Engineer: 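The structure that follows is given in the form of structure tokens.
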2 protein chains.
Amino acid sequence: MLTYNLENRGNTTLYEFLYTSIKNDIVEGKIIAYEKLPSKRTLADHLKISTVTVENAYMQLLVEGYIYSVEKKGYYVSKLQKNFFHQGMDRGKVPINTPKKQDCFMDFKANSINAENFPFSVWSKLTREVLNEKNAQLLQKMPFNGIEELRHVIAEYLYRFRGMVVSQDQIVIGAGTEYLYNLLIQFFGKDIILGVENPGYSKISEIYKANDVACEYISLDQHGLSISDLEKSKSNIIHISPAHHFPTGIVMPIQRRQEILNWANEQENRYIIEDDYDSEFRFTGRPIQTLQSIDENEKVIYINTFTKSIAPTIRISYMVLPPHLMESFRKKLGFYSCTVSSFEQYTLARFMEKGYFERHINRMRNFYKSQRDLILKEINESALGKKVKVLEKDAGLHFILDVNTRRTDLEIMEMAREKGIEISCLSEYYMGSKEDLRHRIIINYSSIDGKKVREAVNQLLCIIE
Amino acid sequence: MLTYNLENRGNTTLYEFLYTSIKNDIVEGKIIAYEKLPSKRTLADHLKISTVTVENAYMQLLVEGYIYSVEKKGYYVSKLQKNFFHQGMDRGKVPINTPKKQDCFMDFKANSINAENFPFSVWSKLTREVLNEKNAQLLQKMPFNGIEELRHVIAEYLYRFRGMVVSQDQIVIGAGTEYLYNLLIQFFGKDIILGVENPGYSKISEIYKANDVACEYISLDQHGLSISDLEKSKSNIIHISPAHHFPTGIVMPIQRRQEILNWANEQENRYIIEDDYDSEFRFTGRPIQTLQSIDENEKVIYINTFTKSIAPTIRISYMVLPPHLMESFRKKLGFYSCTVSSFEQYTLARFMEKGYFERHINRMRNFYKSQRDLILKEINESALGKKVKVLEKDAGLHFILDVNTRRTDLEIMEMAREKGIEISCLSEYYMGSKEDLRHRIIINYSSIDGKKVREAVNQLLCIIE
């Protein structure tokens, strides 16, 4: 007869303890296959517990297949493969190395924002309002392209601040631009050839390659993507940032935009992905107009994100598809659920609707401008000022230092890292011969500590000398 | 001389109005290419505005390429392509048909939860706490696989409630299981052949197909995925739900689990994706043990989601990779940003850590059980009870009605829809000859209104007669 010391069971319930004990005996071969188990009543009497407890344990063993029942006879042990179950792993044992990031003195690479710049109290208030007022809507199935309220205010925003005429039905909201790129790849299929800017934001080509999409690197001239290189390439879809190219900062002029649109208009399967990732942060003049707004032939897919303008850890981005593509997009990929929580979509919609977003952008633009001015001042006041030329400082969250030095870019970056300063160089973003792009340091100032700038500038001076 | 009526400018600033007016004149050919613009001083005097305003407008036109400057001479109009700019679209004009969902009397298909079942006040309190206390952490760059706090409590949860021994470093958090499937496809590459259950949850094969991954349908027998069909197939990765198959509700017994693991162990490139989507909602006995917990050879990728257990509009799911796969996963796809907002990750971590999740699950299990009991009672008390057999009612958020009727499944669904009742049938989830699976109606009761059940049962009775 099965006998277990029920007092050793600790916190587990009687039924669970009994189930586990019998299961272990079966697994370890102490009760062998086809052996008949005692009747529920007999075992209950033997262990001085209720029949219901035994019944529950037997039911669980039955559902999981450790025992089987024969009508009017009782329960029998199933035949299992021997030596299948070894001892379980300890939880501590799983051997995975998680790389730990080191703290550094000054990070000119990080794209993050300081806590004092995020509107925590407003965001908290709006979240609370949304949770109080929107109970039922928050739990309703969302449209695949995001909640209507958010798409509506985004369309309004694009009209007022970017001069773009789009319907909320053209907008697709997703958890980050990286996710939207993935959707576009599935939409267009793997047979496209994608033209990416060289130099350019390297994650873009990483994503296309992770999806087995053929990528061509297309060079830039002073006006952005080279038309002659584009014409020579086999690409049918290009991914560009005409308002503010990363990392060179080039603004594509109207003539080149016309040429690029002409290229797209020549063939039916040609499209342009316009990545407008930091258009909010131009320090002088108006925002640069978008390619989308002068596209008359539905050739431009516009992408933008709130990760730069609000916070990189709130994962909300969106794209605007031309109307004729939106129809087929819905048919092909409309089965996907929207990847952004409705709670945050409603909160963001309210944040924009009530004017907080506009104010936040203005405040951040001023903040970034003052960060930029501070670094430029420190550079100009130090001996470093004589050895560098500052390029592309009118927009975005970075500028470029054209440095006069004999060191290689690799040496510069490594020496900086030894001193606790993280920097990147333009040449890192370029495929092929890097001669022309050498000695250009990218200074991202989105989240640096102003008090440490002088020290960092002095360190950079030591390095390039 | 350029002359504009500055009083007509409405709300726009002087500089913006001037910029737009000159741009339009250039685009419309009123000022022709190579024509010299008046000097800033002259135009300012002429329009009686400040030189700075003119300078700002000229700068914007210059940056965007509408004009160019010649040193010591002044500004000239650029050569643009003619007839490029037509009138802009009206915002109302974008012609997209957004399908509107009709309201229905009773939806036995919807997978949503009622507002009264979501713990709004707790969630709101925790969100506020997180926003107050975690300022800096909320904005820090996240690990690609999600924040450590959440992975930690998930590992604890899996240990206590699913008997799984996993490290937090094996866990990858993502915005919904659909997104995680996409990551797995990129990880394994397109050359895999994926075996999916037939019948099964149709979205799974839709996603694999949208990614151009070859899919094979593998039939089920009474114990789940058929081993003989699996052996015959060319699949090397299979996607299964052993704890509770959708839609049949089959629980895979231990013997079949051993066979499936043996199949995977035979070849190095074979893996099993275990989709444990609703394991929390078993009404009788303990949760069914996972395949992952008896896998000794790192062959099982375990996936689960909070969309069923908390709310479908909070997009948080996770997967547990075997240690050796996690290393290569990080190398191949670690460049991706985590797709779930850190705000909600911290909130969920706290929700689990403080025991709210466990209590919520228990409350929901009782709620679903009472919903199920209510429908079963109404069915048994009506004449419908004589005409149906109720299958698989022990778990999940649905059961199956095996119906005795001469109507086809299509007729049943259409007649129900006409009466405002949404139902689906098992045969919809099956590829190939549907003979065996006919007349099985799936009744999903996750969010139905109890007061309408009697009426809906009567309607169903009319339909199948």
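Keep in mind that what you see is a predicted model, and the values were worked out from it rather than measured. Reminder, nothing fancy here: chain letters follow the sequence lines and each chain counts from 1.
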Engineer: With chain B as the partner, which of A:Glu206, A:Glu16, A:Lys332 has the greatest number of non-hydrogen pairs under 4.5 Å?
Structural biologist: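 Top count of heavy-atom pairs under 4.5 Å with chain B: A:Glu206.
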Engineer: With a 4.5 angstrom heavy-atom cut-off, is it the side chain or the backbone of B:Tyr179 that approaches chain A, or both, or neither?
Structural biologist: side chain
Engineer: Who wins among A:Asn211, A:Asp394, A:Asp212, A:Ile314 for the most heavy-atom pairs under 4.5 Å with chain B?
Structural biologist: A:Asn211
Engineer: Does any backbone or side-chain atom of B:Gln140 lie under 4.5 Å from a heavy atom of chain A? Answer side chain, backbone, both or neither.
Structural biologist: backbone
Engineer: If only side-chain N and O atoms count, and only distance matters, is there a donor-acceptor pair under 3.5 Å linking A:Gln255 with B:Tyr68?
Structural biologist: no
Engineer: What part of A:Tyr15 gets within 4.5 angstrom of chain B, counting heavy atoms only: side chain, backbone, both, or neither?
Structural biologist: side chain
Engineer: When only pairs under 4.5 Å are counted, which of B:Asn132, B:Asn56, B:Ile113 shares the most heavy-atom pairs with chain A?
Structural biologist: B:Ile113
Engineer: Drop me the distance from B:Leu261's CG to B:Asn297's CG, to the nearest 0.5 angstrom.
Structural biologist: 8.0 Å
Engineer: Out of A:Gly176, A:Ala210, A:Ala136, which one racks up the most heavy-atom pairs below 4.5 Å with chain B?
Structural biologist: A:Ala210
Engineer: With rounding to the nearest 0.5 Å, note down the distance linking OG in A:Ser341 to CG in A:Leu138.
Structural biologist: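 So the OG of A:Ser341 and the CG of A:Leu138 are separated by 8.0 Å.
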Engineer: Below 4.5 Å from any heavy atom of chain B, which atoms of A:Thr127 appear? Answer side chain, backbone, both or neither.
Structural biologist: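 For A:Thr127, the side chain is the part near chain B, not the backbone.
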Engineer: Is A:Asn114 close to chain B through its backbone or its side chain, or both, or neither, when contacts mean heavy atoms under 4.5 Å?
Structural biologist: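 For A:Asn114, the backbone is the part near chain B, not the side chain.
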Engineer: Let me know if A:Lys209 has heavy atoms under 4.5 Å from chain B in its side chain, its backbone, both or neither.
Structural biologist: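 For A:Lys209, neither part sits under 4.5 Å from chain B.
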Engineer: Does the pair A:Glu327/A:Lys331 count as a salt bridge with the N-to-O cut at 4.0 Å?
Structural biologist: no
Engineer: Taking all non-hydrogen atoms of both residues into account, name the closest pair between B:Arg151 and B:Pro143 and its distance.
Structural biologist: NH2-CG, 3.9 Å
Engineer: Side-chain donor-acceptor pair under 3.5 Å between B:Lys203 and A:Ser337, yes or no?
Structural biologist: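 Yes.
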Engineer: If you compare all heavy atoms of A:Ile316 against all heavy atoms of A:Glu344, which two are closest, and at what distance to 0.1 Å?
Structural biologist: CD1-O, 4.1 Å
Engineer: Ring centroid separation for A:Phe343 and B:Phe343, is it under 6.0 angstrom?
Structural biologist: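 No - the distance between ring centres of A:Phe343 and B:Phe343 does not fall below the 6.0 Å cut-off.
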Engineer: B:Tyr19 versus chain A, heavy atoms under 4.5 Å apart: side chain, backbone, both or neither?
Structural biologist: side chain
Engineer: Heavy-atom cut-off 4.5 Å, strictly under: side chain, backbone, both or neither for A:Gln186 against chain B?
Structural biologist: both
Engineer: Could you walk me through whether A:Thr20 and A:Thr12 pass side-chain contact (heavy atoms from CB on, under 4.5 Å), step by step?
Structural biologist: CA-CA 10 Å; A:Thr20 309; A:Thr12 54; over 6 Å; no
Engineer: Which atoms of A:Val130 come close to chain B, meaning under 4.5 Å heavy atom to heavy atom: side chain ones, backbone ones, both, or neither?
Structural biologist: neither
Engineer: Minimum heavy-atom separation for B:Arg257 and B:Gln289, please, with both atom names.
Structural biologist: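 Residues B:Arg257 and B:Gln289, closest heavy atoms: NH1-O, 2.7 Å.
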Engineer: Which one wins on heavy-atom pair count under 4.5 Å against chain A: B:Met142, B:Lys190, B:Gln137?
Structural biologist: B:Lys190
Engineer: Flag the pair B:Arg256 and B:Glu259 as a salt bridge only when some basic side-chain nitrogen lies within less than 4.0 angstrom of an acidic carboxylate oxygen.
Structural biologist: yes
Engineer: Give the member of A:Leu333, A:Leu139, A:Leu131 that has the highest number of heavy-atom pairs under 4.5 Å with chain B.
Structural biologist: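 It is A:Leu139.
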Engineer: Out of A:Thr307, A:Ile207, A:Asn182, return the one with the most heavy atom pairs under 4.5 angstrom to chain B.
Structural biologist: A:Ile207
Engineer: Heavy-atom distances under 4.5 Å only: say whether A:Arg160 touches chain B with side chain, backbone, both or neither.
Structural biologist: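 Neither part, no heavy atoms under 4.5 Å.
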